[in-house]
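Residue indices begin at 1 and follow the sequence shown.
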Amino acid sequence: MLNKYARAFFTRVLTPFAALLIRLGVSPDAVTLVGTGGVMAGALAFYPRGEFFWGTIVITLFVFSDLVDGNMARQLGRSSRWGAFLDSTLDRVADAAIFGGLALWYAGGGNSQVLCAVTIFCLASGQVVSYTKARGESIGLPVNVNGLVERAERLVISLVACGLSGLHAFGVPGVQHLLPIALWAVAAGSLVTLIQRVVTVRREAAEAEAAAGGGDAG
């Protein structure tokens with residue numbers, strides 16, 4: 001849902017910055033790699049120690065590279081299969097770092113096996129949600145469904161909750177409860193999205209096979 005509106009807005013906002021990077025001779029692939037490295041550093045250096053505010057600040061600074069690299073590629077007229085593959089692959093790596101960092105916190109200083117398990121479920125379900133669409137498309141199906149919680153929603157919900165929860169260290173009361181609520185919400189939304197995509201692929205596969213059978217009969 002957020003992909004449809006937020007991506008278009010931030011693409012317009014970041015276009016001048018993307019143009020500047022092009023003039024400086026920076027490649028889209030370099031932006032992708034640096035952005036992923038920054039997200040991983042922010043997540044794995046801060047989150048396992050419970051430093052959610054500063055970790056989120058660092059991650060947010062780098063997460064927009066996902067929009068900048070694509071913007072640069074379009075301006076250069078270099079949109080390619082390799083660029084799309086690299087971007088999609090490193091998105092999975094960044095997501096794993098974010099939720100892995102949170103899982104490490106709950107397995108250690110956060111002292112909650114339940115929330116550790118929920119966080120791992122968020123990580124795994126997010127990866128599988130992406131896989132179902134990619135796999136469905138690879139066998140020739142359109143997979144005409146986005147679902148309730150896509151990557152943009154997972155990131156926004158999780159990062160906003162992390163950042164706000166981190167304000168507890170500065171004396172803001174009650175905000176530490178936002179992250180657990182957000183993780184449960186992301187887990188539930190990811191499960192619903194996974195079911196939506198599996199049902200869609202099953203329906204589209206049945207329709208494709210029926211059409212092929214009808215064509216053969218004709």
What I'd like to find out is whether the side chain of [X] reaches to under 4.5 Å of the side chain of [Y], using heavy atoms alone.
{"X": "D29", "Y": "L86", "answer": "yes"}
{"X": "S130", "Y": "R151", "answer": "no"}
{"X": "N111", "Y": "Y106", "answer": "no"}
{"X": "L115", "Y": "W184", "answer": "yes"}

Should T15 and R12 be marked as a side chain to side chain donor-acceptor pair (under 3.5 Å) after you check the CA-CA gap, both sets of side-chain angles, and the distance that decides it? CA-CA 5 Å; T15 293; R12 290 194 299 271; over 6 Å; no

Just checking, is any N or O donor in the side chain of T200 or R197 under 3.5 Å from an acceptor N or O on the other one?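 Their side chains do not contain a donor-acceptor pair, so the 3.5 Å distance test is not met.
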
From CA spacing to verdict: side chain to side chain contact (heavy atoms under 4.5 Å, CB included), D87, D69: CA-CA 8 Å; D87 187 58; D69 56 4; 3.0 Å; yes

Can a donor-acceptor pair be found, under 3.5 Å and without considering hydrogens, that links the side chain of [X] to the backbone of [Y]?
{"X": "S65", "Y": "V68", "answer": "no"}
{"X": "Q176", "Y": "H168", "answer": "no"}
{"X": "E204", "Y": "N144", "answer": "yes"}
{"X": "T193", "Y": "L148", "answer": "yes"}
{"X": "S165", "Y": "V175", "answer": "yes"}
{"X": "Q75", "Y": "A73", "answer": "no"}
{"X": "Q127", "Y": "A124", "answer": "no"}

Count I, L, V, M, F, W, Y as connected when their side-chain heavy atoms are under 4.5 Å apart, and connections chain through other members. Are [X] and [Y] then in the same cluster?
{"X": "L61", "Y": "L14", "answer": "yes"}
{"X": "V114", "Y": "F121", "answer": "no"}
{"X": "L179", "Y": "I120", "answer": "no"}

Please write out which residues are connected to V198 in a hydrophobic cluster, directly or through intermediates, given that two of Ile, Leu, Val, Met, Phe, Trp, Tyr count as joined at side-chain heavy-atom separations below 4.5 angstrom.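 Besides V198, the cluster holds V128, V129, L194.
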
Quick test of your reading of the model: are E207 and R203 salt-bridged, counting only N-O distances below 4.0 Å?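 Here E207 pairs with R203 in a salt bridge, since their nearest N and O are under 4.0 Å apart.
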
Under the side chain to side chain contact (heavy atoms under 4.5 Å, CB included) rule, what do W54 and V58 come out as? Steps first, then yes or no, please. CA-CA 6 Å; W54 293 115; V58 173; 5.6 Å; no

Inter-residue atom distance L102.CG - W105.CH2, 0.5 Å rounding: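 With rounding to 0.5 Å, CG (L102) is 10.5 Å from CH2 (W105).
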
Atom pair SG (C162) and CD1 (I57), whose distance is rounded to the nearest 0.5 Å: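 It is 11.5 Å, given to the nearest 0.5 Å.
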
Summary of ring-ring contact (aromatic ring centres under 6.0 Å, His included) pairs that have at least one residue in residues 75-97, sequence neighbours excluded: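 Of all non-adjacent pairs touching residues 75-97, those that pass ring-ring contact (aromatic ring centres under 6.0 Å, His included) are W82-F85.
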
Contacts of type side chain to side chain donor-acceptor pair (under 3.5 Å), residue E137, not counting sequence neighbours: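 So E137 forms no side chain to side chain donor-acceptor pair (under 3.5 Å) with any residue.
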
Kindly write out the residues that satisfy ring pair (Phe, Tyr, Trp, His ring centres under 6.0 Å) with F17, not counting sequence neighbours, or none if the list is empty.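 F17 satisfies ring pair (Phe, Tyr, Trp, His ring centres under 6.0 Å) with no residue once adjacent residues are dropped.
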
Mind checking what makes ring pair (Phe, Tyr, Trp, His ring centres under 6.0 Å) contact with F99, not counting sequence neighbours?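 If we apply the ring pair (Phe, Tyr, Trp, His ring centres under 6.0 Å) test to F99, skipping adjacent residues, there are no hits.
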
Show me the donor-acceptor pairs, under 3.5 Å and distance only, between side chains in residues 35-47 and residues at least two apart or in other chains.
unit_1	atom_1	unit_2	atom_2	d
T36	OG1	T32	O	3.0
Y47	OH	T56	OG1	2.8

Verify side chain to side chain contact (heavy atoms under 4.5 Å, CB included) between R74 and N71, making sure each step is shown before the conclusion. CA-CA 5 Å; R74 285 189 294 275; N71 192 310; 4.1 Å; yes

Tell me which one of I98, V186, L183, L104 satisfies side chain to side chain contact (heavy atoms under 4.5 Å, CB included) with T119.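 Single pass found, and it is L183.
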
Stepwise, does the side chain to side chain contact (heavy atoms under 4.5 Å, CB included) test hold for V192 with V149? CA-CA 8 Å; V192 171; V149 176; over 6 Å; no

